[in-house]
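Written below as structure tokens is the structure these notes are about.
Every value quoted in this text rests on a predicted model; they were computed, and no experiment measured them. Atoms within a ligand are numbered from 1 in the order they appear, just like the ligands themselves.
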Amino acid sequence: MQPIKYELIKTCKQTGARLGRVTTPHGSFETPIFMPVGTLATVKTMSPEDLHDMNAKIILSNTYHLWLRPGEEIIREAGGLHKFMNWDGAILTDSGGFQVFSLSDMREIEEEGVHFRNHLSGEKLFLTPEKAMHIQNALSSDIMMAFDECPPYPASYEYMKNSVERTSRWAERCLQAHERKDVQGLFGIVQGGEYEDLRKQSAADLTSLDFPGYAVGGLSVGEPKEVMNRVLDFTTPHLPTNKPRYLMGVGSPDSLIDGAIRGIDMFDCVLPTRIARNGTCMTSEGRLVIRNAKYARDFRPIDEHCDCYACKNYSRAYIRHLMKCNETFGFRLTTYHNLYFLLKLMEQVREAIKEDRLGDFREAFFEQYGFNKP
Ligand SMILES: N#Cc1ccc(CCNc2nc3cc4nc(N)[nH]c(=O)c4cc3[nH]2)cc1
Ligand SMILES: [Zn+2]
């Protein structure tokens with residue numbers, strides 16, 4: 001019995017976007033969808049009730065961070081991550097590969113795994129595909145990610161080829177170490193950088209292992225958006241149509257729309273929650289930096305087209321005041337709004353796919369948000 005099911009409902013006649021439904025042991029949801037990030041077992045400043053109110057269906061957490069703090073055995077004793085954080089929706093956990101490369105200074109990759117330093121204490125650590133699966137099994141997430149290497153951008157063809165082949169061997173080891181194939185889904189992560197033949201090779205290696213879903217990794221690592229879109233154009237056609245496709249680390253409105261157009265179903269990114277905490281809000285007319293003095297007497301909501309809790313009850317002037325005073329409630333309101341904005345955007349994308357007009361929607365959204373401005 002597969003814990004993760006994907007149903008392709010329809011494809012947009014104007015673009016390559018697809019409307020689907022993913023079913024997990026903790027609920028099902030339509031795709032394309034955005035996943036709020038809860039790295040340390042919390043979507044920062046949001047309660048589970050807040051997440052349900054904004055119609056979040058699945059959140060992301062991180063193997064690396066929870067391994068370091070509080071340790072996977074404490075979460076296992078709590079009955080798993082859902083119990084520990086009191087979240088009854090779906091949870092996807094990233095495998096730690098990317099976090100090791102993005103957070104730790106010293107790191108050494110070898111066939112067995114990666115040596116690196118704990119970014120908090122400096123102690124030496126060693127993470128392997130088997131260890132990453134052991135930790136995710138203790139967390140008991142609904143969707144686990146295979147342990148991979150996310151190479152830096154740019155990387156030489158030779159480096160990338162060796163890395164892709166090692167990531168494919170690691171993926172096989174993750175499948176071997178996967179303890180509860182009947183309970184948790186395990187997604188393979190396609191690598192290959194901007195090299196079409198390596199992306200094709202990575203996709204072929206992983207689809208031959210018949211994972212219940214596939215992620216496109218190695219992107220949103222500093223490459224221009226045109227490079228990301230080109231890589232998606234020649235990668236997604238090599239992924240199965242009857243499995244979910246997840247683009248890792250992508251969360252700006254334009255990239256979400258362009259990823260959906262290229263057949264991506266799931267997205268995650270810390271962007272909305274991170275920029276919220278420094279007072280930057282996503283609105284239908286583009287970004288708004290609420291700390292700006294021009295909002296001191298602006299009694300309109302963050303976004304006049306938004307019906308979220310923050311926009312229905314509070315003004316820019318009030319939220320600016322809270323942010324200037326470093327009041328936690330200010331961070332809560334900007335975070336709530338940014339997540340709601342992206343969740344609502346994906347709902348509009350799904351509607352546009354249903355009505356075969358996602359291309360028109362993209363044009364209108366880009367114009368209003370200001371993405372077309374030179
Ligand atoms: N604010 C902010 C902000 C911070 C970081 C980012 C970039 C996130 N990009 C990104 N996350 C990733 C996670 C990943 N996880 C794994 N296991 N493998 C990846 O290739 C991978 C690639 C990623 N690329 C984007 C916005
Ligand atoms: Zn709002």
Inset, instruction - Only heavy atoms count here, so choose which of Ile275, Val190, Asp148 is nearest to atom 18 (N) of ligand 1. - result: Asp148

Inset, instruction - Mark yes or no for whether Thr273, through its side chain, and Thr335, through its backbone, hold a donor-acceptor pair below 3.5 Å. - result: no

Inset, instruction - Using only heavy-atom distances, determine whether the side chains of Thr280 and Arg287 contain a donor-acceptor pair under 3.5 Å. - result: no

Inset, instruction - Below 4.0 angstrom from a heavy atom of Gly217, which ligand 1 atoms are there? Numbered from 1 as shown, please. - result: 19 (C), 20 (O)

Inset, instruction - Mark up the atoms of ligand 1 that fall under 4.0 Å of a heavy atom belonging to Ile189, in ascending order. - result: 17 (N)

Legend entry - Per-atom contacts, ligand 1 versus Ser95 - under 4.0 Å to a heavy atom: 17 (N)

Inset, instruction - Just need the protein heavy atom nearest to atom 13 (C) of ligand 1, so name the residue and atom and give the distance. - result: Phe98 CG, 3.3 Å

Legend entry - Test side chain to side chain donor-acceptor pair (under 3.5 Å) applied to Arg350 - qualifying residues, sequence neighbours left out: none

Legend entry - Asp210 bridged to Lys243 by N-O distance under 4.0 Å: yes

Inset, instruction - Would you mind telling me if ligand 1 is within reach of the side chain of Ala215, the backbone, both or neither, using heavy atoms under 4.0 Å? - result: neither

Legend entry - Other cluster members, Tyr6 - Ile/Leu/Val/Met/Phe/Trp/Tyr, side-chain contacts below 4.5 Å: Ile4, Leu8, Val22, Phe29, Ile33, Met35, Val37, Ile58, Leu60, Leu92, Ile143, Met145, Phe187, Ile189, Tyr246, Met248, Met266, Val270

Inset, instruction - Heavy-atom contacts with Cys150 under 4.0 Å: which atoms of ligand 1 show up? List them by number with element. - result: 19 (C), 20 (O), 22 (C)

Legend entry - Salt-bridge present (Asp258, Lys225; N to O < 4.0 Å): no

Inset, instruction - May I ask whether Glu149 places a heavy atom under 4.0 Å from ligand 1? - result: no

Inset, instruction - Look only at interatomic distance and state if Leu219 has a nitrogen or oxygen under 3.5 Å from any nitrogen or oxygen of ligand 1. - result: yes

Inset, instruction - For the pair Glu73 and Arg76, find out whether any cationic side-chain nitrogen is under 4.0 Å from an anionic carboxylate oxygen. - result: yes

Legend entry - Exceeds 12 heavy-atom contacts within 6.0 angstrom, atom NZ of Lys44: yes

Inset, instruction - Looking only at protein heavy atoms, identify the closest one to atom 8 (C) of ligand 1 and say how far it is in Å. - result: Gly249 O, 3.5 Å

Inset, instruction - Quick one: look up the protein heavy atom nearest atom 5 (C) of ligand 1 and list residue, atom name and how far away it is. - result: Val270 CG2, 4.2 Å

Legend entry - Thr236 side chain vs Gly263 backbone, donor-acceptor pair below 3.5 Å: no

Inset, instruction - Around the Zn ion (ligand 2), list the protein N/O/S atoms within a radius below 2.8 Å, excluding water molecules. - result: Cys306 SG, Cys308 SG, Cys311 SG, His337 ND1

Legend entry - Salt-bridge contact Arg169-Glu172 (side-chain N to carboxylate O under 4.0 Å): no

Inset, instruction - Please say whether more than 12 non-hydrogen atoms of neighbouring residues, nucleotides or ligands are located less than 6.0 Å from CD in Glu355. - result: yes

Legend entry - Residue and atom name of the nearest protein heavy atom (relative to atom 15 (N) of ligand 1), distance in Å to one decimal: Asp94 OD2, 2.7 Å

Inset, instruction - Around atom 20 (O) of ligand 1, find the nearest protein heavy atom and jot down its residue, atom name and distance. - result: Gly218 N, 2.7 Å

Legend entry - Connected-component partners of Val289 among ILVMFWY, side-chain separation under 4.5 Å: none

Legend entry - Minimum-distance pair of heavy atoms, taken over all atoms of Ala90 and Asp142: CA-OD2, 3.3 Å

Legend entry - Shortest protein contact, atom 7 (C) of ligand 1 (heavy atom only): Ser220 O, 3.3 Å

Legend entry - Contact with ligand 1 for Met145, non-hydrogen, under 4.0 angstrom: no

Legend entry - Protein heavy atom at shortest distance from atom 26 (C) of ligand 1: Cys269 SG, 3.6 Å

Legend entry - Presence of salt bridge, Asp50 and Arg332, under 4.0 angstrom: yes

Legend entry - Arg274, portion touching ligand 1 at heavy-atom distance under 4.0 Å: side chain

